[in-house]
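The analysis underlying the following values was restricted to heavy atoms, covering all of them including side chains, and did not include hydrogens, waters or symmetry mates.
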Amino acid sequence: MVQLVGSLRKELADSLSACRVLVVGAGGIGCELLKNLVLTGFKNIEVIDLDTIDVSNLNRQFLFQKKHVGKSKAQVAKESVLQFCPTANITAYHDSIMNPDYNVEFFRNFMLVMNALDNRAARNHVNRMCLAADIPLIESGTAGYLGQVTVIKKGLTECYECQPKPTQKTFPGCTIRNTPSEPIHCIVWAKYLFNQLFGEEDADQEVSPDTADPELSWNPADTEARATASDQDGDIKRVSTKDWARSTGYDAVKLFNKLFKDDIQYLLTMDKLWKKRKAPLPLDWLEIQKLAENVPEVTGTGLKDQQVLGVAGYSQLFSRSVETLRSMLADKGDGAELVWDKDDPPAMDFVTAAANLRMHIFSMNMKSRFDIKSMAGNIIPAIATTNAVIAGLIVLEALKILSGDVEQCRTVRNQERSLLLLEGGTLPLIICP
């Protein structure tokens, strides 16, 4: 067992060993944080996460291995962390922190709560629970090389929801792949699709239906069975989207029917997703072409880029852009890749068409090329080193709280690999109800 011994005064070390803490999230930040906690001397830890391990997690969530794919993140994280400190008492929950079972009384069991979440709804919920239970919360997050750690204490600091938050720029993979509810979800999906077909393939940017969606089952055994159905050790063999497209000669009609008909029909078999949502409507290439004569081609007035085409129009735009991009890829030679650029007309045509077709399938109002271009910013990657830095800062703030020095806690930001401490030293005195 490796642990900080002698670097902390005895009173603080004893406090760490005795206190009970809750870690919400066992992903990028959560893996680093759990390791840091046991190595610092925390012995009583509870961790909760609804998600299961995907192949794309393995490049940065170091507690997981290939054999763990499909299993509960919380449970595997617990087992891996116990190898660092076998004497630690760790409880893992494969569940959503928003489940009513985790109420105010549940939160009152802890001296400290640490957030390692990737979505705003759960952050808002934990923030409110901690305020109601009067328990200190350490909130954190990362986006590329940027990150932040903030201590939230009722009566002393502002809370997570006290300041308006910018529009979220990253989204859970299952939302992008299975249950888009906003146009931006479809735009992100279309950009992922461009990379999978013509650019650099990335497991984090998979566009096919997510069979391990946590909403499909609350039973981790069922989720694990689905994810590992092809191989018992979790070594999932996926068919490359690019390889499949190449095998068809980048046939636009086959691509269309696969993406907007077959995949959508498969999503419809996941009936649990549609109990409280409107189910998607698959599109068929031949049917659209037959109906094209009776459907208005353009809605709206103004410049061409500000007009919205009909489904038939976007189907034709999809076909033309696929052919153009196929030719561009062929001209570059074997092994070449294209890079998506919103100022590149064929790439922008492709994303506009694919995003709008998906919006129509999921009953959203389609957008003009102008609107989509303004929304299609760069996708922020997950950086392992940023997660590690932020996890370390969370523990430093936890040590201050347990030392009784909560007024010395600071909002800490990691920006482009350098730490910038906000001036003033202490947190602003804003009292929340």
Are any side-chain N or O atoms of Asn257 and backbone N or O atoms of Trp285, one a donor and one an acceptor, separated by less than 3.5 Å? yes
Would you say Phe362 and Leu267 make side-chain contact, with heavy atoms under 4.5 Å? yes
Any side-chain heavy-atom pair of Lys258 and Trp244 under 4.5 Å: yes
Would you mind checking if Glu161 and Arg128 are paired as a salt bridge, meaning a charged N to carboxylate O distance below 4.0 Å? yes
Please check: side-chain N/O of Tyr266 versus main-chain N/O of Lys261, any donor-acceptor pairing under 3.5 Å? no
Side chain of Asn115, backbone of Leu117: donor and acceptor closer than 3.5 Å? no
Can a donor-acceptor pair be found, under 3.5 Å and without considering hydrogens, that links the side chain of Asp49 to the backbone of Gly25? no
Would you call Glu323 and Arg320 a salt bridge, taking side-chain N to carboxylate O under 4.0 Å as the test? no
Are the side chains of Arg60 and Cys31 in touch, meaning some heavy atoms are under 4.5 Å apart? no
Presence of salt bridge, Lys73 and Asp51, under 4.0 angstrom: yes
Do Tyr102 and Asp95 have side chains that get closer than 4.5 Å, going by heavy atoms? yes
Determine whether the side chains of Tyr192 and Glu206 contain a donor N or O and an acceptor N or O closer than 3.5 Å. no
Can you tell whether the side chains of Glu397 and Lys400 come within less than 4.0 Å, N to carboxylate O? yes
Applying ring-ring contact (aromatic ring centres under 6.0 Å, His included) to Tyr160 and not counting sequence neighbours gives none
Are side-chain heavy atoms of Ser363 and Leu281 found at a separation under 4.5 Å? no
Determine the minimum heavy-atom distance between Met270 and Asn178, stating which atoms define it. SD-ND2, 4.0 Å
Does the side chain of Asn387 pick up a donor-acceptor pair with the side chain of Thr142 at under 3.5 Å? yes
Answer yes when Lys153 and Asp134 have at least one side-chain N-carboxylate O distance shorter than 4.0 Å, and no when they do not. yes
Polar side-chain atom of Trp189 near backbone of Val207 as donor-acceptor pair, under 3.5 Å: yes
Is it true that Gln289 and Gln316 share a donor-acceptor pair across their side chains at a distance under 3.5 Å? yes
Under the ring-ring contact (aromatic ring centres under 6.0 Å, His included) rule, collect the residues that match up with His125, sequence neighbours excluded. none
Do Thr352 and Lys373 have side chains that approach each other closer than 4.5 Å (heavy atoms only, starting at C-beta)? no
